Novice: 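Quick one: the structure is below, and I'll ask about it shortly.
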Amino acid sequence: MTPVPHARKHALVLTGGGARAAYQVGALKAIAELMKFDGCPFQIISGYSAGAINGVWLASRCESFAEATQGMWDQWANLKTEKIFKTDAPNFFMIGLRWLKDRSLGGATGEKQITYLLNTEPLRKFINEQINFNNIKRHIEAGTLQGLSVTAANYNSGYSTTFFSTPDGVQEWSNFNRVGVRTDITAEHVMASAAIPIFFPPVQLNGAFYGDGMVRLGSPLSSAIRMGADKMLVIGVRGVSAHPELPSQQHFKTVSISEIAGTILNGLFLDSLESDLQRMERVNRTLSLMTEDELGRQKDHLRAIPVLSLRPSKEVSNLSACESESLPSTLRFLLRGIGMRDGKGSDLLSYLSFEPEYMQSLLRLGFEDTMAREQEIRDFFKD
């Protein structure tokens with residue numbers, strides 16, 4: 001076994017993307033096999049959206065990184081849509097009726113209106129069954145874990161809110177449209193962070209309603225930095241071919257709701273990480289050119305923080321296993337109703353397809369991509 005590095009605080013940043021987060025688990029399992037740590041090698045964990053689920057899973061199992069990653073692999077590999085949201089016909093019918101009533105009456109009833117398409121009670125049950133939040137609190141208090149954060153969007157204020165827990169005196173923060181709130185992380189914080197807009201229900205916390213942590217998020221790396229990260233490993237879910245070149249004379253006769261939704265989700269989940277990584281690279285490069293005296297005089301107290309970014313070697317929405325025929329018939333009916341057919345809407349499908357074949361293909365891709373970068377992984381953990 002390899003001793004866990006302690007000289008510097010290693011942070012793990014996991015961004016979201018619904019079903020795409022299975023890729024992160026494959027990458028983490030590869031790290032476990034390469035490094036064979038006897039405990040969790042990350043002293044700080046920051047999770048967003050579905051990445052928050054993976055983050056709290058690791059945080060609750062700091063005793064053995066190998067067992068934690070293997071357990072995550074097993075759960076994701078055997079995941080079914082029914083474990084994430086209800087797929088029975090009566091439930092879909094009742095949700096449809098509520099949408100019809102609320103939209104057609106223009107809110108005349110004064111009742112609380114429905115704001116989601118899918119009932120995620122199975123996900124709440126899964127999180128409560130699989131994650132021991134008391135363990136997380138013990139690891140924080142013991143200092144085994146130096147920081148854990150889960151971020152969600154406050155729909156009422158419009159602020160991106162990071163709920164964090166640390167054993168030391170990290171102060172709460174408020175900066176532009178971002179705030180940090182110290183608290184003990186619970187299942188409700190995770191549910192809020194993973195609540196994909198429109199598709200999953202908002203979660204009420206402390207009197208306000210929250211949704212997916214990638215909404216309005218401009219700086220996915222900031223939470224880990226505020227909790228004291230000295231190095232950061234970032235695992236994203238955007239493939240390298242996410243910017244296809246369109247033929248200059250290509251014309252489209254129509255666009256479906258599923259295509260619009262997929263594009264919006266890509267913007268929410270994927271673009272902010274890319275821009276923040278580029279910003280971090282520029283800051284590190286600038287600091288490397290400054291003398292010790294100049295570094296000491298700069299008023300913002302900036303410091304260079306090495307970052308290793310892992311992401312899919314191919315666009316995950318193009319994987320052959322990402323296809324609608326494997327979905328429950330009720331979900332297929334819903335998605336076809338918003339225009340998902342004939343290859344249209346594959347981006348949206350890649351967020352909602354929680355089926356074993358697709359999950360396993362993402363796990364394998366994450367594992368293989370990370371194993372191919374073995375030397376970079378080993379160099380990252382060198383103190």
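Predicted model, so just to flag it, every value in this text is computed and none were measured. For this chain, numbers begin at 1 and follow the sequence in order.
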Novice: Hey, are the side chains of T15 and S49 touching, using non-hydrogen atoms and a 4.5 Å cut-off?
Specialist: no
Novice: Which ILVMFWY residues are connected to F93, directly or by a chain of links, through side-chain heavy atoms under 4.5 Å apart?
Specialist: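 M94, L97, which link up through side-chain heavy atoms under 4.5 Å apart, make up the rest of the cluster.
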Novice: Starting at CG of L117, measure out to CH2 of W99 and round the result to the nearest 0.5 Å.
Specialist: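 The CG atom of L117 sits 5.5 Å away from the CH2 atom of W99.
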Novice: Starting at SG of C62, measure out to CZ of R138 and round the result to the nearest 0.5 Å.
Specialist: 11.5 Å
Novice: Are I114 and Y155 connected in the hydrophobic side-chain network, where two residues link if heavy atoms are under 4.5 Å apart?
Specialist: no
Novice: With a 3.5 Å cut-off and no angle check, do the side chains of T162 and R226 form a donor-acceptor pair?
Specialist: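 Side chains of T162 and R226: no pair found under 3.5 Å.
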Novice: Relative to each other, are the rings of F381 and H10 parallel, tilted or perpendicular (30° and 60° limits)?
Specialist: parallel
Novice: Any sub-3.5 Å donor-acceptor pair from Q360's side-chain atoms to A77's backbone N or O?
Specialist: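 Such a contact is found between Q360 side chain and A77 backbone.
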Novice: Taking the side chain as every heavy atom from C-beta outward, state whether L233 and V13 have any atom pair closer than 4.5 Å.
Specialist: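 They are not in side-chain contact.
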Novice: Does one hydrophobic cluster hold both V203 and F209, with members joined at side-chain heavy-atom distances below 4.5 Å?
Specialist: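 Different clusters.
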Novice: Nearest 0.5 Å please: distance from the CD atom of Q171 over to the CZ atom of R182.
Specialist: 7.0 Å
Novice: Can R378 and E374 be counted as an ion pair, charged N to O under 4.0 angstrom?
Specialist: yes
Novice: Between K137 and D184, is there a side-chain N and carboxylate O pair less than 4.0 Å apart?
Specialist: yes
Novice: Using the test side-chain contact (heavy atoms from CB on, under 4.5 Å), find all partners of A59 that sit at least two apart in sequence or belong to another chain.
Specialist: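 Counting only residues at least two positions away or on another chain, A59 forms a side-chain contact (heavy atoms from CB on, under 4.5 Å) with I45, I136, L145, L148.
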Novice: For R178, does its backbone N or O pair with a side-chain atom of W173 as donor and acceptor, under 3.5 Å?
Specialist: no
Novice: Looking at side-chain heavy atoms only, is the closest gap between F200 and I84 below 4.5 Å?
Specialist: yes
Novice: Could you pull out the closest heavy-atom pair between M227 and V170, with the gap in Å?
Specialist: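 Looking at all heavy atoms of both residues, the closest pair is CA-CG2, 4.4 Å.
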Novice: In sequence, state the C-alpha distance, the side-chain angles, and the governing distance for F85 and F199, and then conclude on side chain to side chain contact (heavy atoms under 4.5 Å, CB included).
Specialist: CA-CA 10 Å; F85 45 82; F199 289 93; over 6 Å; no
Novice: Between Y48 and S193, is there a donor-acceptor pair closer than 3.5 Å when you use the side chain of the first and the backbone of the second?
Specialist: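 No, because the side chain of Y48 does not come within donor-acceptor range (under 3.5 Å) of the backbone of S193.
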Novice: Is any side-chain heavy atom of L14 closer than 4.5 Å to a side-chain heavy atom of S46?
Specialist: no
Novice: If you define the side chain from C-beta out and look only at heavy atoms, does anything of Y358 sit under 4.5 Å from V316?
Specialist: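 Yes, close enough: below the 4.5 Å cut-off.
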Novice: May I have the step-by-step check of side chain to side chain contact (heavy atoms under 4.5 Å, CB included) for Q146 and T166, ending in yes or no?
Specialist: CA-CA 6 Å; Q146 293 293 310; T166 62; over 6 Å; no
Novice: Would you say V150 and L12 are hydrophobically clustered, going by side-chain heavy atoms of ILVMFWY under 4.5 Å?
Specialist: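 Yes, V150 connects to L12 through the hydrophobic network.
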Novice: Determine the minimum heavy-atom distance between L310 and A27, stating which atoms define it.
Specialist: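 In terms of heavy atoms, the two residues are closest at CD1-CB, 4.4 Å.
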Novice: For the side chain of D38 and the backbone of S64, is there at least one donor-acceptor N/O pair under 3.5 Å apart?
Specialist: no
Novice: Apply side chain to side chain contact (heavy atoms under 4.5 Å, CB included) to V234 and L308, showing your working.
Specialist: CA-CA 6 Å; V234 183; L308 176 59; over 6 Å; no
Novice: Would you say that Q113 contacts K101 through its side chain, given a criterion of any heavy-atom pair below 4.5 Å between the two side chains?
Specialist: no
Novice: How about L327 and S353: do any of their side-chain heavy atoms sit closer than 4.5 Å?
Specialist: yes
Novice: Between E315 and S317, is any side-chain donor less than 3.5 angstrom from a side-chain acceptor?
Specialist: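 Distance-only check passes for E315 and S317.
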Novice: Side chain to side chain donor-acceptor pair (under 3.5 Å), that's the test. Do S60 and N132 meet it? Break it down for me.
Specialist: CA-CA 6 Å; S60 69; N132 187 328; over 6 Å; no
Novice: When you compare the side chains of S313 and D369, does any donor N or O come within less than 3.5 Å of an acceptor on the partner?
Specialist: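 Note: S313 and D369 side chains meet the donor-acceptor criterion.
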Novice: Does one side chain, of T330 or T87, offer a donor that lies under 3.5 Å from an acceptor on the other?
Specialist: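 Absent: no donor and acceptor within the cut-off.
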Novice: I need the L28 CG to T69 OG1 distance, nearest 0.5 Å.
Specialist: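 Rounded to the nearest 0.5 Å, the CG-OG1 separation comes to 7.0 Å.
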Novice: Taking atom types as modelled, is there a side-chain donor on R20 or S350 under 3.5 Å from an acceptor on the other?
Specialist: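 Looking only at side-chain atoms, S350 and R20 do form a donor-acceptor pair, the distance falling under 3.5 Å.
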Novice: Might you confirm whether atom CD of E357 has over 12 heavy atoms from other residues, nucleotides or ligands at distances under 6.0 Å?
Specialist: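 Incorrect, the count does not exceed 12.
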Novice: In the structure I gave you, are the side-chain heavy atoms of V237 and L362 within less than 4.5 Å of one another anywhere?
Specialist: no
Novice: Taking all non-hydrogen atoms of both residues into account, name the closest pair between I235 and Q24 and its distance.
Specialist: O-NE2, 3.3 Å
Novice: May I ask you to check if K231 and F380 form a cation-pi contact, with NZ or CZ under 6.0 angstrom from the six-membered ring centre and within 45° of the axis?
Specialist: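 Yes, a cation-pi geometry.
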Novice: Check S223 against T151 and note the closest heavy-atom contact, atom names and distance.
Specialist: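 Of all heavy-atom pairs spanning S223 and T151, the closest is OG-OG1, 4.1 Å.
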Novice: Show the numbers, then the answer: is there a salt bridge (Lys or Arg N to Asp or Glu O under 4.0 Å) between E325 and R336?
Specialist: CA-CA 11 Å; E325 294 308 311; R336 286 174 180 170; 2.7 Å; yes
Novice: Would E355 and T81 count as having a side-chain donor-acceptor pair, cut-off 3.5 Å?
Specialist: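 Per modelled atom types, E355 and T81 side chains form a pair under 3.5 Å.
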Novice: Hey, are K86 and E82 close enough for a salt bridge, meaning a charged N less than 4.0 Å from a carboxylate O?
Specialist: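 Judged by the 4.0 Å cut-off on N to carboxylate O distance, K86 and E82 do not form a salt bridge.
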Novice: Please confirm whether Y23 and W76 have ring centers closer than 6.0 angstrom.
Specialist: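 Centroid separation for Y23 and W76: 6.0 Å or greater.
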Novice: Could you grab the distance from atom CD of Q43 to atom NE2 of H139, nearest 0.5 Å is fine?
Specialist: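 Atom-to-atom, Q43:CD and H139:NE2 are 13.5 Å apart.
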Novice: Within a 6.0 Å radius of atom CD on E67, are there more than 12 heavy atoms belonging to other residues, nucleotides or ligands?
Specialist: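 Count not over threshold, so no.
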Novice: Is R61 reaching over with its side chain to a backbone N or O of V56, donor-acceptor style, under 3.5 angstrom?
Specialist: no
Novice: Does the T370 side chain pair with the main chain of F367, one donor and one acceptor, at a distance under 3.5 Å?
Specialist: no
Novice: Looking at E121 and R124, is there a salt bridge between them, counting it only when a charged N and a carboxylate O are closer than 4.0 Å?
Specialist: yes
Novice: Looking at F65 and I31, what are the two nearest heavy atoms and their distance?
Specialist: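 The answer is CE2-CG2, 3.9 Å.
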Novice: Determine whether a donor-acceptor pair (N or O, by modelled atom type, separation under 3.5 Å) exists between the side chain of K36 and the backbone of E33.
Specialist: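 Indeed, once roles are kept as given, a pair shorter than 3.5 Å links the two residues.
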Novice: Looking at CZ of F164 and CD1 of I185, how far apart are the two atoms once the value is rounded to the nearest 0.5 Å?
Specialist: 9.0 Å
Novice: For P356 and L79, which heavy atoms make the closest approach, and how far apart are they?
Specialist: CD-O, 3.2 Å
Novice: Kindly indicate, with the supporting measurements, whether the criterion side chain to side chain contact (heavy atoms under 4.5 Å, CB included) is fulfilled by L123 and K83.
Specialist: CA-CA 6 Å; L123 176 60; K83 288 186 178 180; over 6 Å; no
Novice: Treat each ILVMFWY residue as a node, draw an edge where side-chain heavy atoms are under 4.5 Å apart, and state whether I44 and V307 are in one component.
Specialist: no
Novice: Test of understanding: with side-chain contact (heavy atoms from CB on, under 4.5 Å), list the residues that count as partners of T161, not counting sequence neighbours.
Specialist: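 side-chain contact (heavy atoms from CB on, under 4.5 Å) list for T161, sorted by chain: N154, Y159, F163, V179, V181, Y210.
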